[in-house]
Structures are given as structure tokens and as C-alpha cells.
J.: 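Here it is: the structure, laid out below.
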Amino acid sequence: QNDRKWWKDEYVYQIWPASFKDSNGDGWGDLGGVIESLDYIKELGTNIIWLSPIFDSPQHDMGYDVSNYEEVYSRFGSVFDVEALIKGCHVRGMRLLLDLVVNHTSDQHQWFKDSRSSKQDPKRDWYIWKPARYDENGNRHPPNNWRSNFSGSAWEWDEATQEYYLHLFAKTQPDLNWECVAMRQAVYDSSMKFWLDKGVDGFRIDTITIYSKDPSFPDAPIQDKDSPWQLASCHYRNKARNFEHIAEMNEKVLSKYDCMTVGEYGPTYDTDLALRYCSAAEKRIDMGFQFETVYTGFGKVDKFKAQPVAMGDFKGSHAKWQKFIEGNDGWTSAFLENHDLPRSVSRFGCDSPEYREVSAKLLAMMEATATGTLFIYQGQELGMTNIPKDWTIDDYQDLEAQNYYNAVKAATGCDGNALASAMGGLRQVGRDHARTPMQWSNSPNAGFSSVKPWMRVNDNYREINVADQLADKNSVLSFWKTLLKLRRKNIGVFAHGSFTYVDDSPLVMTYEKKFNGEVALVMLNFTSESQPIPLREEWTSTKPLIGNVDKSEDQKLGPWEGRIYVK
Ligand code: TEU
């Protein structure tokens, strides 16, 4: 019986502040909109909120470029609003997680302004500065061939001090130097203790695997020379020193508070490495987001060279990560969406009018019976879908998308086919799908704002919105509420149970969860056709706990039909 900590049996609702609810009529979501929606979030059944970054920022990467960890971006509100939100959560028995973004800051952060001011500045080594390399013709080149996640070189030349600085993301997101003790202490004080002392209950930790870079900064092997999106992560992901940094973060800060942490593992597919972050005995973090399952079909080097999801791969990966904490003292998360991912009903279900609702409910059943702490992303509870296919690159606001499209344009001389396939990739797995305004009602701007929102609203808000679904007991929203209540009643077998597939079909997912003598059987059909699924002898006399269709047949599952049995 795992030692139960409050965060193991709870459910987290992730909010993308810019798109959640605009309470002051400037077209941007804000903290006031979150505060006035606390009862909505509580009644969904989620008692923890993860708020994506709300700190002061030029918003190049939607707040993942922090210019002041102790100030709030003005369009979102103020520090007082965060304090009001913390109080609003606590009086409801809810908790609040903030986003800890400390691999890099914004280039507008005072730390970076000092660091770039001169080579002698005391904060010079708070960031990663390197001299240029010159070729035999005396041409200047970056220190190595590393690329940014957001296309282009990972190095930006600084004319004033005649050196390059490293940025694994946008050039306005300079990487912090985690070898610098004074910098680490400032992170602990300014971005962590400042908020924990105000009552924040923990953090989602951004890009937790890449703080420590290989100190020799060697060139990386080129895997796809045509790709503007090519990482050198072999030289900076999960380095031995990184585990020491996270252990120190725990020892100096996290261990002193009753807080929860969830780290973003990114494309870390080695379960032993993941366990080194989340094993209780290692005293680092409580759990992480593993991405192998949700990245199914993403391009291996260039994520936008994506394929539709192969069910066999999706199934295999899901089992691997459901089982990776069996028999050890780790913990894990259950999620299918976040602010960087396409909408799950479009990616893993079927967002056609005929199957959108039933497949959104199917995915809810998959998550609600999954091992780990459950995370649900704003709009997922409605079955919100990807951006319509007829939107153009001008409707995509994410700088990852814009940089990628422009990099392809530059690399191919505006070749029509290359740009069409770039748009194809963005339409499949772009981050903008998760960032369209939350759909509250069928009134203008989907009830998100009284003015034109910062980002275009998905055209289907009249069919998919909170108001209609609150009133409909058969809606995706109502189904999620019912499921989360059932998960709470069966939390042992669903969230802590062992995971075993009982079928080997690449089209359906049928598994048993076992915990302290309880057994659950979950049957999920991931296709638009009926699939034969002989109910095994020992289950024929058990009535389903819940299903997502009105009528079903014993020996087969209808299109996108799911069923959960418990005994
Ligand atoms: O994401 C880190 C990360 O690896 C993703 O950006 C990923 O590389 C990208 O989505 C392609 O799949 C975190 C945040 O979640 C993301 O929103 C930020 O843009 C990024 O870090 C930089 O802070």
C-alpha cells in the first residue's frame, strides 16, 4: 500500500491563463477570470489547479519567458490577485500549483540585462556565454551546431560583449547557467520560496531534464540535415549533474514545505531515468509527465513531420508508462492534453460530428482508470477540438509555429510543397490547438471575452461550450464529472492498481487493473467500426460500472465504445 500523499489521489485542472476567461475586457484571460470560475473547477471534481506562467513577461513564449519571477504580467493581474486566488482555493479545500520556469529567463529579466552588460559583471556567469568559432576565411560561427527548439541556431551573437549566449528555445529566452551557485540560490529564493511562502502548494517544473549541459559543448550528430527543427539533446538531457541539481532543489527548498511537484520529462523514454526523478527515496520530485504516449506519431527529429497515431504504438507506450512504477517507490501522472499538445479528441479520438462526443468520453475512461495523479487540461472536459483545417498560418499565434514555418520558407525558397507539408504538420501537432479561447457559451467570443480575443475562437464554439454541457446530462462535461466521482470511489484499483492488457488487438485497448483484491476491467474501442471482444467467462455476470453508449452488445464493442467493470 503506497504511502498516500494528498497529491496521489487528487485530480489537477491545468489552466492556460491567456485563454481561460477575460474578466476585465481586454481580450486576454486573467486571474479574475480564474477566481470567478473556482466553483466550476471544484464541481468538475478537480481539487488542484496548475496555472501556466502568470509572471511578468514580454509574452514571446506566452509567459515561458519570465522577466520578473516576483511580479505578475499586468494583463493577468497582480500579486494581490494571486494571493486572492490562493485564498479562494484554500477556502474550497483546493490547492494551487504554479509553473516553475528556470531553465531560462526572458532576455528582459534584470539578471540577463546585468549579465550582458559586460564580461566583468558579477552576473556574467549566471548565463551561458561562449566565444565564436572562426573558419579559415575568418567568418564567425556559433560555438557549436546545436539548434533551438524554436528553429535556428541555439546561439545568439551579442555585439556589445563579442560573445554568443545559449538559448535552447527562443533567442529571447537565454539559458541560465546551473553551474553558477549564486544563480541557483536566486532561483530558490525568487521563483520558489517567494511563492511557497505565500501559500502556493507546489510547482509544475518546466523542462526539468535539461538544466545541466555537457560543459565541453560539443557538436551534435546531425540526424536530419533538412530539418530546421533538430535538437542536440544528447548533450543536455538527463545529464548526471542534472540529477544533482534537482536533489539540491529538493534539499534546499521543496523538502521544507508540504508541496507537490510534477516535472516535465519531455522526450525522456528511459523508464530508469524517469524513476531517478520520481522515486521517493531519491528525494527529488514527486512525479513527472512522460511524453512517449502523447508524442506517438510525432516526427522523431522534426516533430512536425508527424503521422496519424498508430494504435499499436499508442497501446504499447501506454502500458510501458502505466507499469513503470510497479514494484518501486515512484509515482506518475495520467494526462492526454496540455498547452503544448493537440486536442486529444482530434489526435487519439475522432472529432467528426458523429463520433466526437463518444470518443471524447472514451478517452476520459482511459484517463480515469489510469495509474497516477490525473491531469485534465482546460477544454478537455468539453471535448474541445483542434483548430479547423481551413485556418491559415496567420491564425497560428505560437512562436514555435511561426518560427518553424518561416524556417521552412527560408530553407526551401518558399517552395509550395514544403510549406504545405509544414502547415500539415502544424495542423496535426501544433501547440495552438490547445490555446484557442475556452468556450464558455454560444454568445459572441464564446463568452470568453466581451471584446475581440487575443487569439481567434474555434468556430465550433456554438456546438461545444460549458453552458450547453452543464445543462445536458449526456454531455462530455457531465460524463467527466460522473467518471471523476467513480474514480474517487475506486481510487485504489484505478489510480494505484497494476496494469495488464487482456487483449492483443491493435484496434482496441482492454486491460485489467488489480489492487488489494479488487479488479477492474476496462474495454475501449479506438475505431469507428464495431470490434469483436468476447467478454471473458469471469466477467459475464458483472454489470458494467459505466459505459459511453446507450445500448451495447456483450460480444462486441460499438464504434468508440468503452466499458468499465469493477468487482
Ligand atoms: O516545453 C518544453 C518542451 O520540450 C516543449 O516546448 C517541446 O519542445 C515543444 O512543445 C515541442 O514538442 C516547455 C513548455 O511546456 C513550453 O510551453 C515552453 O515553450 C518551453 O518549455 C520553454 O519554456
Side-chain angles (χ1 to χ4, degrees), residues 14-19 50-55 57-67 69 97-107 109 146-152 154 166-176 187 191 203-211 227-234 236-238 242 262-269 288-306 333 335 337-343 347 375 377-378 396-405 407 422 425-426 428-435:
Q14 182 193 352
I15 290 176
W16 182 250
S19 303
W50 154 26
L51 203 48
S52 273
I54 41 94
F55 315 105
S57 161
Q59 296 293 331
H60 293 168
D61 187 17
M62 297 301 295
Y64 283 97
D65 48 327
V66 179
S67 55
Y69 290 106
L97 308 180
L98 295 185
D99 215 312
L100 183 64
V101 187
V102 292
N103 172 69
H104 46 270
T105 66
S106 161
D107 62 349
H109 197 295
W146 296 7
R147 315 289 293 168
S148 155
N149 274 278
F150 296 156
S151 303
L166 178 70
H167 60 87
L168 294 181
F169 292 92
K171 61 183 66 169
T172 54
Q173 292 171 290
D175 278 54
L176 285 161
V187 158
S191 51
F203 297 101
R204 174 265 188 182
I205 304 179
D206 192 56
T207 66
I208 192 169
T209 61
I210 63 172
Y211 299 167
S227 164
W229 204 80
Q230 133 92 31
L231 298 182
S233 45
C234 58
Y236 55 74
R237 197 180 296 285
N238 299 318
N242 198 58
V262 51
E264 182 199 31
Y265 295 151
T268 293
Y269 296 163
F289 295 125
Q290 52 284 333
F291 284 80
E292 191 168 3
T293 308
V294 290
Y295 279 170
T296 301
F298 277 44
K300 287 281 167 283
V301 176
D302 176 350
K303 81 176 221 185
F304 294 114
K305 290 180 180 165
S333 61
F335 74 102
E337 292 193 22
N338 69 22
H339 60 287
D340 289 336
L341 291 170
R343 287 289 182 177
R347 185 72 186 156
F375 288 76
Y377 177 68
Q378 71 178 48
Y396 284 68
Q397 306 286 337
D398 177 13
L399 108 151
E400 180 187 56
Q402 289 295 331
N403 286 6
Y404 178 73
Y405 190 82
L426 290 169
Q428 277 202 82
V429 297
R431 307 195 301 182
D432 287 273
H433 297 300
R435 302 174 178 194

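Every number for a ligand or one of its atoms is a count from 1 in the order of the listing. Treat the numbers as computed from the prediction; the structure is a model and nothing was measured.
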J.: Would you check if the distance from the ring center of Phe289 to the ring center of Phe375 is below 6.0 Å?
T.: yes
J.: For atom 4 (O) of ligand 1, state which one of His104, Glu264, His339 supplies the nearest heavy atom.
T.: Glu264
J.: Please answer whether the main-chain N or O of Ala434 pairs with a side-chain N or O of Tyr377 as donor and acceptor at a distance below 3.5 Å.
T.: yes
J.: Taking the side chain as every heavy atom from C-beta outward, state whether Tyr295 and Tyr269 have any atom pair closer than 4.5 Å.
T.: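 Sidechains of Tyr269 and Tyr295: in contact.
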J.: For atom 5 (C) of ligand 1, tell me which residue out of Asp340, Leu341, Ile210, Asp99 has the closest non-hydrogen atom.
T.: Asp340
J.: Are Phe304 and Asp302 side-chain neighbours, meaning at least one heavy-atom pair lies under 4.5 Å?
T.: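 A side-chain contact exists here, since the closest heavy-atom pair is under 4.5 Å.
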J.: Is it the side chain, the backbone, both or neither of Met62 that has a heavy atom closer than 4.0 Å to ligand 1?
T.: neither
J.: Decide yes or no on ring-ring contact (aromatic ring centres under 6.0 Å, His included) for His109 and Tyr69, but give the supporting numbers first.
T.: CA-CA 9 Å; His109 197 295; Tyr69 290 106; 5.6 Å; yes
J.: Considering only heavy atoms of Asn149, which atoms of ligand 1 have at least one such atom less than 4.0 Å away?
T.: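 Counting atoms of ligand 1 from 1, those under 4.0 Å from Asn149 are 8 (O).
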J.: Applying a 4.0 Å heavy-atom criterion (strictly less than), which segment of Phe150 is in contact with ligand 1: side chain, backbone, both, or neither?
T.: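 Phe150 to ligand 1: side-chain contact only, backbone stays beyond 4.0 Å.
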J.: Using a 4.0 Å heavy-atom threshold (strictly under), name the region of Arg237 that reaches ligand 1: side chain, backbone, both or neither.
T.: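 No part of Arg237 is near ligand 1 at this cut-off.
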J.: Could you check whether any side-chain heavy atom of Ser106 comes within less than 4.5 Å of a side-chain heavy atom of Thr172, counting everything from C-beta outward?
T.: no
J.: Mind checking whether Tyr295 contacts ligand 1 via backbone (N, CA, C, O), side chain (CB onward), both or neither, at a 4.0 Å heavy-atom cut-off?
T.: side chain
J.: Of the listed options (Arg435, Glu400, Arg431), which comes nearest to atom 6 (O) of ligand 1 when hydrogens are ignored and any heavy atom counts?
T.: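 Result: the heavy atom closest to atom 6 (O) of ligand 1 is in Arg431.
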J.: Out of all atoms in ligand 1, which are within 4.0 Å of some heavy atom of Lys303? Include the element for each.
T.: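 Once the distances to Lys303 are compared, the set is 9 (C), 10 (O), 11 (C), 12 (O).
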J.: For the residue pair Trp16 and Tyr64, categorise the inter-ring angle as parallel (less than 30°), tilted (30 to 60°) or perpendicular (more than 60°).
T.: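 Trp16 vs Tyr64 ring planes: parallel.
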J.: Do any nitrogen or oxygen atoms of Thr207 lie less than 3.5 angstrom from nitrogen or oxygen atoms of ligand 1?
T.: no
